[in-house]
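Inspection log for the structure reproduced underneath, given as structure tokens.
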Amino acid sequence: MSDEIWRRDEIESPCTKVCQIHPETRLCLGCARSIEEIGDWSRLTPEARQEIMADLPNRTPAPTIRRGGRAARLKRQIT
């Protein structure tokens with residue numbers, strides 16, 4: 001029996017199973033893909049998927065600035 005019958009060509013995916021879309025950036029917090037890219041992923045060509053995957057390290061799925069924390073809450077209470 002050959003192992004060839006068990007071989008499958010899986011679609012390479014950056015999914016980390018942390019699927020949550022950030023409301024401002026519209027990117028997944030787990031893999032940094034847009035909701036459109038995630039939805040189209042299985043229909044994209046291998047080249048298109050590679051292009052997206054090459055760009056993922058350059059993306060910031062969530063803003064890195066803080067919203068103010070305690071200082072901002074105190075300021076809002078005063079005004």
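Applying the side chain to side chain donor-acceptor pair (under 3.5 Å) rule to Q50 yields the partners E12; only residues at least two apart in sequence or on another chain are considered. Taking the side-chain contact (heavy atoms from CB on, under 4.5 Å) definition, one finds that P14 meets it with C31, R33, W41, M53, L56, sequence neighbours left out. For T16, the side-chain contact (heavy atoms from CB on, under 4.5 Å) partners are V18, not counting sequence neighbours. Not counting sequence neighbours, the partners of T60 by the side-chain contact (heavy atoms from CB on, under 4.5 Å) test are T64. Every residue was checked against the side chain to side chain donor-acceptor pair (under 3.5 Å) condition with R26, not counting sequence neighbours, and none meets it.
Through direct or indirect side-chain contacts shorter than 4.5 Å among Ile, Leu, Val, Met, Phe, Trp and Tyr, I21 is connected to I35, I38.
For residues 41-51, the set of pairs meeting the salt bridge (charged side-chain N to carboxylate O under 4.0 Å, His left out) definition, not counting sequence neighbours, comprises D40-R43.
Residues C28 and C19 share a closest heavy-atom pair of SG-CA, 3.9 Å. Summarising the geometry of A32 relative to R59, their closest heavy-atom pair is O-NH1, 3.0 Å, with the distance given to 0.1 Å. Considering all non-hydrogen atoms of both residues, E24 and P63 come closest at OE1-CG, 3.5 Å.
In this structure, S34 contributes its side chain and L27 its backbone to no donor-acceptor pair below 3.5 Å.
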